[in-house]
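Notes follow the structure.
Residue numbering restarts at 1 for every chain, and letters A, B, ... go by the order of the sequence lines. Side chains included, hydrogens not; waters and symmetry mates left out as well; all remaining heavy atoms used.
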There are 2 protein chains.
Amino acid sequence: MSEGEEIRKAGLKVTGPRMKILMLLEKNDNQHLRAEDVYRMLLEAGEEIGLATIYRVLTQFEVAGLVERHNFEGGYSVFELNRGHHHDHIVCVSCGKVEEFTDDTIEERQKAIARENGFEFGDHSLTLYGRCRDKNCSGRKG
Amino acid sequence: MSEGEEIRKAGLKVTGPRMKILMLLEKNDNQHLRAEDVYRMLLEAGEEIGLATIYRVLTQFEVAGLVERHNFEGGYSVFELNRGHHHDHIVCVSCGKVEEFTDDTIEERQKAIARENGFEFGDHSLTLYGRCRDKNCSGRKG
DNA sequence: AAATCTGATGCAAAAGCTTCTCATCTATTG
DNA sequence: CAATAGATGAGAAGCTTTTGCATCAGATTT
């Protein structure tokens, strides 16, 4: 399927910048990229694009459900393609490494806790912070 | 017990600004305050203090284990006094309301998940994002 | 296929949060 | 009470993200 359809379905015009961003995210669907990363990677690939456009498009894609935004520690957002299957994250507070996981027991408890606290279960996400044991821990990126 | 001791134990000089900040946090230990909130509240109380000092001191208190910093959605940090008892948070993505909870089942699963992913359990925290049903939801603050 | 219209882009400026610089000041120690 | 090591405040600067605006490009109609 051509990516343009997903963009069109979101009520957005199928433009060059949007296609480039979506394709880049598809090529890196195992990573969590910052707007700045997307910008740099596209520039390095020889594409011409403005950083403001990246921010605008990523937000539009988020609203459209095409991508997910996460605000881990660090004061910036990271984005990943919405691959349909729900998952949570465990983030290393030292080096920023991100691992994904799902846990049925926790999913159940989440529903109960949300209900008990008067929260609507649906648009939810869970992030666990810890410290990884990687020998090269202390850098950054995920 | 005088609060000064806690500050001294942390290897910091017991100064006016530090006392003021710590006492303010103690008076508002049911809230999650931003640096800006602490600043405004102290100014309104007639105290003279600089915003840079608030940021510095809060970070020092965090390192010393006196306060906890949380990076919920929104792109800024909130702080609360470390009251000793561990708890997690559920945050409304619409209005920013924050509720605290603890769940033994989830605590157990956290340990297992951290272990399975090669993360050290210890310095950890868990944040659940949802949407609350408050009738006056859509404002901000927590 | 040209004209038209609506929306998208890029740049630069600006906003919001946080950190840094540095001169001055103050808590602690001898 | 002098000396010293550390703390403070004000403003500048840094970093991420948003916004204003003139230009440009899809989409639609003729």
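Applying the 4.0 Å criterion to OP1 and OP2 of D/dC15, one finds that A/R34 has every side-chain N and O outside that range. Within the structure, every side-chain polar atom (N or O) of A/T53 is placed at least 4.0 Å from both OP1 and OP2 of C/dA8. Put simply, B/S77 has a side-chain N or O that comes within less than 4.0 Å of OP1 or OP2 on C/dT18.
As a whole-Å value, the separation of B/K20 NZ from D/dA7 C1' is 13 Å. Between A/R18 atom CZ and D/dA25 atom P the separation is 15 Å, expressed in whole Å. Distance, B/L42 CG to D/dT8 P: 13 Å, rounded to whole Å. Spacing between atom CD of A/E62 and atom P of D/dT17 amounts to 12 Å, rounded to whole angstrom units. The separation between A/Y39 atom OH and D/dC15 atom C1' is 15 Å, rounded to whole Å. The CD-C1' distance, from A/Q60 to C/dT9, rounds to 11 Å in whole Å. Computed from coordinates, the A/I54 CD1 to D/dT17 P distance equals 12 Å when rounded to whole Å. Atom P of nucleotide C/dC17 and atom CG of B/L33 are separated by 15 Å, given to the nearest angstrom.
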Would you list the protein and nucleotides 19-22 of chain C atom pairs, both N or O, that sit under 3.5 Å from each other?
residue, atom, partner, partner atom, Å
C/dT21, O4, B/R56, NH1, 3.4

Completion exercise
Protein-proximity profile, nucleotides 25-30 of chain C, B/S/- by nucleotide at the 4.0 Å heavy-atom cutoff, equals --BS--
Practice task
Apply side chain to side chain contact (heavy atoms under 4.5 Å, CB included) to A/L126 and A/I106, showing your working.
Solution key: CA-CA 10 Å; A/L126 175 155; A/I106 287 187; 3.6 Å; yes
Handout entry: side chain to side chain contact (heavy atoms under 4.5 Å, CB included) assessment of B/I7 paired with B/L22
Key = CA-CA 9 Å; B/I7 295 176; B/L22 190 50; 3.9 Å; yes
Practice task
Applying side chain to side chain donor-acceptor pair (under 3.5 Å), run through A/H70 and A/E80 and close with a yes or a no.
Solution key: CA-CA 8 Å; A/H70 305 293; A/E80 69 176 324; 2.8 Å; yes
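Rounded to the nearest 0.5 Å, atoms CZ (A/R133) and CG (B/N117) are 10.5 Å apart.
Remark: B/R109 does not engage B/E107 in a salt bridge, criterion side-chain N to carboxylate O under 4.0 Å. No salt bridge links A/K111 with A/E116; every basic N to acidic carboxylate O contact stays at or beyond 4.0 Å. Ion pair A/R8/A/E5 flagged as a salt bridge, since at least one NZ, NE, NH1 or NH2 atom sits closer than 4.0 Å to an Asp/Glu carboxylate oxygen.
Residue pairs that meet the side chain to side chain donor-acceptor pair (under 3.5 Å) test with at least one member in residues 48-61 of chain B, sequence neighbours left out, are B/R18-B/Q60, B/T59-B/R69.
Counting any heavy atom pair closer than 4.0 Å across all strands shown, A/E36 reaches no nucleic acid atom.
For A/H87 and A/F101, the distance between ring centers is not under 6.0 angstrom.
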